[in-house]
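Source: prediction; values computed, not measured. Hydrogens, waters and symmetry mates are skipped; everything else that's a heavy atom, side chains included, is used.
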Amino acid sequence: MKTVKDYIRTIVDFPHEGILFRDVTTLFADPRGFRMCVDQLLAPYAGMRIDKVVGLEARGFIIGGAVAHQLSTGFVPIRKKGKLPGQTIAQAYTLEYGEAVVEVHDDAMQPGEKVLLVDDLLATGGTAEAGIKLIERLGAQVIGCAFVVDLPDLGGRKKLEAMGMDVHALCAFEGL
């Protein structure tokens, strides 16, 4: 029987030499694989109150939308700076070579709402940390962070767990 990991293709030297890119589009393209992914992302949170699912740009939108649909709850995108049309709040975070900024609409979540943060891949944890900070600034509570892939060598899980987050990943790949 196939696992989620079996549906994920590795592309060598993308986006540059020395990187093993974990491509989840092959998982999304397969109906059984995609269903398995969504079901397994939801499993740890069965029976919990979840008011919103937050997806991180960009592949987190695909997974997050499907998860929100299964939960019959709202979906909130956290996007790169300048992509959302309404009033936003922003959070900067550090990248390997510089800084980036993500934003969320300032009315996307209400104080006290329970939120599940979803993305395809957990690497250094910088984007997820920025997303968590935005959610908390709006007064909502992150009840969990769910990822398809964890790259444990890059330390993202440890970073999020040090923030008190519950982290769930469907599979892990060693290396970069």
Side-chain angles (χ1 to χ4, degrees), residues 1-15 19-80 83-84 100 102-105 108-109 113-132 134-135 140 142-157 159-161 165-176:
M1 177 181 261
K2 282 183 135 181
T3 67
V4 165
K5 190 173 187 176
D6 296 325
Y7 290 96
I8 298 168
R9 133 177 93 183
T10 298
I11 300 175
V12 178
D13 294 332
F14 182 84
I19 300 294
L20 296 173
F21 186 83
R22 309 309 178 170
D23 181 17
V24 295
T25 63
T26 49
L27 168 68
F28 297 164
D30 186 282
R32 286 191 177 107
F34 191 49
R35 167 57 89 183
M36 179 190 309
C37 172
V38 172
D39 290 348
Q40 290 179 8
L41 281 173
L42 289 169
Y45 309 102
M48 295 178 76
R49 177 182 144 207
I50 299 174
D51 299 304
K52 299 273 173 60
V53 174
V54 168
L56 300 175
E57 189 160 334
R59 288 172 298 274
F61 298 170
I62 297 164
I63 304 163
V67 168
H69 174 75
Q70 284 298 105
L71 293 171
S72 297
T73 191
F75 173 77
V76 175
I78 290 185
R79 302 221 47 197
K80 293 175 184 172
K83 299 288 185 181
L84 291 170
V102 290
E103 296 178 323
V104 68
H105 282 129
M109 290 163 271
E113 285 189 315
K114 308 289 186 192
V115 174
L116 176 62
L117 182 122
V118 177
D119 203 2
D120 69 318
L121 186 124
L122 176 59
T124 65
T127 308
E129 178 184 25
I132 291 163
L134 288 171
I135 293 163
V142 178
I143 57 98
C145 301
F147 302 91
V148 178
V149 176
D150 182 15
L151 301 178
D153 294 343
L154 297 179
R157 176 185 286 270
K159 177 185 280 189
L160 299 183
E161 288 174 344
M165 294 295 121
D166 171 62
V167 178
H168 172 58
L170 301 185
C171 64
F173 288 93
E174 300 304 317
L176 303 179

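For the pair I63/V24, no side-chain contact is recorded, criterion being any heavy-atom separation below 4.5 Å from C-beta on. Residues I143 and D166 form no side-chain contact, since every pair of their non-hydrogen atoms from C-beta on lies 4.5 Å or further apart. With a 4.5 Å cut-off on side-chain heavy atoms, M109 and V54 count as touching. A 4.5 Å side-chain heavy-atom check between I8 and V149 finds at least one atom pair inside the cut-off. With contacts defined as side-chain heavy-atom distances shorter than 4.5 Å, the pair F75/F61 qualifies. When side chains are defined from C-beta on, F147 counts as touching L160, because their heavy atoms get closer than 4.5 Å. Contact of the R157 side chain with the L122 side chain is registered, since non-hydrogen atoms from C-beta on lie closer than 4.5 Å. F173 is not listed as a side-chain neighbour of L20, based on a closest heavy-atom distance of 4.5 Å or more.
Residues G64 and V118 come closest through the heavy atom pair N-CG1, 4.0 Å. L116 and C145 get closest at one heavy-atom pair: CD1-N, 4.3 Å. Residues C37 and V148 come closest through the heavy atom pair SG-CG2, 3.6 Å. Taking both residues in full, the closest heavy atoms of E113 and A108 are given as OE1-O, 4.3 Å, listed atom of the first, atom of the second, then distance. The shortest non-hydrogen separation linking A128 to L117 is CB-CD2, 4.1 Å.
Rounded to the nearest 0.5 Å, atoms CD1 (I50) and OG1 (T73) are 7.5 Å apart. Of the inter-residue distances, the one linking Q70 atom CD with L41 atom CG reads 11.0 Å to the nearest 0.5 angstrom. To the nearest 0.5 Å, the span separating CZ on R9 from OG1 on T25 amounts to 5.0 Å. In this structure, the separation between OG1 on T127 and CG on D119 is 7.0 Å, given to the nearest 0.5 Å. The distance from atom SG of C171 to atom CG of L121, rounded to the nearest 0.5 Å, is 9.0 Å. Atom CZ of R22 is separated from atom CG of D120 by 13.0 Å, given to the nearest 0.5 angstrom.
Shown here are the salt bridge (Lys or Arg N to Asp or Glu O under 4.0 Å) partners of K159, two or more places apart in sequence or in another chain: E129.
Panel note: side chain H168, backbone Q40; a donor-acceptor pair is recorded below 3.5 Å. Judged by distance alone, the side chain of D39 and the main-chain N or O of M36 form no donor-acceptor pair under 3.5 Å.
Heavy-atom contacts from other residues, nucleotides or ligands closer than 6.0 Å to CZ of R32 number 12 or fewer. Other residues, nucleotides and ligands contribute more than 12 heavy atoms inside 6.0 Å of the NZ atom of K5.
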